[in-house]
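Report on the structure given below.
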Amino acid sequence: MTLAAVRVPVWRAMAAIIRRDLRASLRQRQDLLNPLLFFFMVVTLFPLGVSPEVSFLQQAGTGILWVAALLSTLLSLDHLFRHDFDDGTLEQMMLQPQPLFLLVLAKSLAHWLLTGLPLVMLAPVLGIMLHLDGNSIGILCLTLLIGTPVLSLIGAIGAALTLGLRAGGVLLSLLIIPLYIPVLIFGTGTVAAASNGAPVGGYLALMMAFLVLAVTLAPFASAAALKISLSNS
């Protein structure tokens, strides 16, 4: 399925891309389930490999969940533009009259709906398994709700830059993980502050700033990277 080269409202073109990606993921369920299974396996196996003590899990549980969510998001990024690149849809997107950065933003939103949002929904169950208290689980879900879209938006830049490369998955990890570190630090720091009774407003404000910056800047960078990758392919 490709987008017709006609002038339609931008919001309708973005909605069409989101619907298309959601339907495609339902047909290729392994791409949808792999990040969730990876997230679940990492969190459940960590106590077996390190320590099952309740005090340790309560202290390290937030970091475990955030690192697992980060790696699960990274696992699915290689497919963000790959299928569209293989079937020629990406070239059709670049020929559309709508701005390419908005179409990239739609694909990043679809990626978050398929990967980030399920991780947020699964986090409370795994938080209970790691003996986190109710307040920590609530703040954790809030930080994941703010932070996982940032992971998808930043990851789209790396996915666009490594598009078409034979070892793109390894290079993608090397490019993106350093950019994920601030989100990881403030995501875990927010929950740690909440568990210690400290105010978390400043942490959440910084995470919202990360989200605003990512929504504002990342689609432009991803669109430019796509043009470079397609011109070199």
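The figures here come from the full heavy-atom set of this structure, side chains too, leaving out hydrogens, waters and symmetry mates. If you read the sequence from its start, that first residue is 1, and numbering goes on from there.
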Task: Any side-chain heavy-atom pair of Leu117 and Thr148 under 4.5 Å - done: no
Task: Beyond-backbone contact of Trp112 with Leu153, side-chain heavy atoms, under 4.5 angstrom - done: no
Task: Single-linkage hydrophobic cluster, 4.5 Å side-chain cutoff, Trp66 and Val50 together - done: yes
Task: pair Pro219-Ser108: side-chain heavy atoms closer than 4.5 Å - done: no
- [ ] Determine whether Leu119 and Ile177 fall in the same hydrophobic cluster, where Ile, Leu, Val, Met, Phe, Trp and Tyr are linked whenever their side-chain heavy atoms lie under 4.5 Å apart.
- [x] yes
Task: Beyond-backbone contact of Val10 with Met14, side-chain heavy atoms, under 4.5 angstrom - done: yes
- [ ] Flag the pair Val42 / Phe38 as yes when at least one side-chain heavy-atom distance between them is below 4.5 Å, and no otherwise.
- [x] yes
- [ ] Mind listing the closest non-hydrogen atom pair of Leu130 and Pro47 along with its distance?
- [x] CD2-CG, 4.0 Å
Open item on the list: Looking at Thr44 and Met41, would you say the former's side chain and the latter's main chain have a donor-acceptor pair under 3.5 Å?
Closed with: yes
Task: Shortest non-hydrogen contact from Leu175 toward Pro178 - done: O-CD, 3.7 Å
TODO: Give the cluster check for Val212 versus Phe101: same hydrophobic cluster or not, with ILVMFWY residues linked at side-chain heavy-atom distances below 4.5 Å.
DONE: no
- [ ] Carefully, step by step, assess Leu204 and Phe186 under the rule side chain to side chain contact (heavy atoms under 4.5 Å, CB included).
- [x] CA-CA 8 Å; Leu204 293 176; Phe186 283 100; over 6 Å; no
Task: Spacing of OG1 belonging to Thr162 relative to CG belonging to Leu172, to within rounding of 0.5 Å - done: 4.5 Å
Task: Check against side chain to side chain contact (heavy atoms under 4.5 Å, CB included), Leu102 and Trp11 - done: CA-CA 9 Å; Leu102 290 178; Trp11 66 268; over 6 Å; no
Open item on the list: Would you say Ile128 ends up clustered with Val54 if hydrophobic residues are merged whenever their side chains have heavy atoms under 4.5 Å apart, either directly or through other cluster members?
Closed with: no
TODO: Test Thr216 against Leu213 for side chain to side chain contact (heavy atoms under 4.5 Å, CB included), laying out the working first.
DONE: CA-CA 5 Å; Thr216 304; Leu213 286 174; 5.7 Å; no
Open item on the list: On a heavy-atom basis, which atom in Val120 and which in Cys141 lie closest, and how many Å separate them?
Closed with: CG1-O, 3.9 Å
Open item on the list: Any heavy-atom pair between the side chains of Val191 and Leu65 that's under 4.5 Å?
Closed with: no
- [ ] Compare all side-chain heavy atoms of Thr115 with those of Ser72 and state whether any distance is below 4.5 angstrom.
- [x] no
TODO: State plainly whether one hydrophobic cluster holds both Leu217 and Phe210, where clusters connect Ile, Leu, Val, Met, Phe, Trp and Tyr through side-chain heavy atoms under 4.5 angstrom apart.
DONE: no
- [ ] Check Pro118 against Leu114 and note the closest heavy-atom contact, atom names and distance.
- [x] CG-O, 3.4 Å
Open item on the list: For Arg20, is there an ion pair with Asp84 - N to carboxylate O distance below 4.0 angstrom?
Closed with: yes
TODO: Output the distance between atom OG (Ser195) and atom CD1 (Ile137), rounded to the nearest 0.5 Å.
DONE: 12.0 Å
Open item on the list: Tell me every residue that passes salt bridge (Lys or Arg N to Asp or Glu O under 4.0 Å) with Asp21, counting only those two or more places apart in sequence or in another chain.
Closed with: Lys107
Open item on the list: Measuring from atom CG of Leu37 to atom CG of Leu122, what distance do you get when rounded to the nearest 0.5 angstrom?
Closed with: 9.5 Å
- [ ] Determine whether more than 12 heavy atoms belonging to other residues, nucleotides or ligands lie under 6.0 Å from atom CZ of Phe40.
- [x] no
Task: Inter-residue atom distance Leu74.CG - Ile154.CD1, 0.5 Å rounding - done: 12.0 Å
Open item on the list: Would you say that more than 12 heavy atoms from the other residues, nucleotides or ligands in this model lie under 6.0 Å from the CD of Gln58, or not?
Closed with: yes
TODO: Using a cut-off of 6.0 Å, state whether more than 12 heavy atoms not belonging to Tyr203 lie near its atom OH.
DONE: no
Open item on the list: With rounding to the nearest 0.5 angstrom, report the OG to CG distance, Ser222 to Leu100.
Closed with: 9.0 Å
Open item on the list: For a side chain to side chain contact (heavy atoms under 4.5 Å, CB included) check, start with the C-alpha distance between Thr73 and Tyr180, then their side-chain angles and the critical distance, and finish with the verdict.
Closed with: CA-CA 11 Å; Thr73 303; Tyr180 280 174; 4.2 Å; yes
Open item on the list: Quick check: do Phe39 and Leu126 have side-chain heavy atoms less than 4.5 Å from each other?
Closed with: yes
Task: Separation of Leu206 CG from Ile185 CD1 (nearest 0.5 Å) - done: 12.0 Å
- [ ] Might you point out which heavy atoms bring Ser152 and His111 nearest each other, and give the distance in Å?
- [x] OG-ND1, 3.0 Å
- [ ] Taking atom CE of Met94 as the centre, report whether more than 12 heavy atoms of other residues, nucleotides or ligands fall under 6.0 Å from it.
- [x] yes
Open item on the list: So which atom in Leu226 and which in Leu90 form the shortest heavy-atom distance, rounded to 0.1 Å?
Closed with: CD2-CD2, 3.9 Å
Open item on the list: Show every side chain to side chain donor-acceptor pair (under 3.5 Å) that has at least one partner inside residues 123-141, sequence neighbours left out.
Closed with: Asp133-Ser136
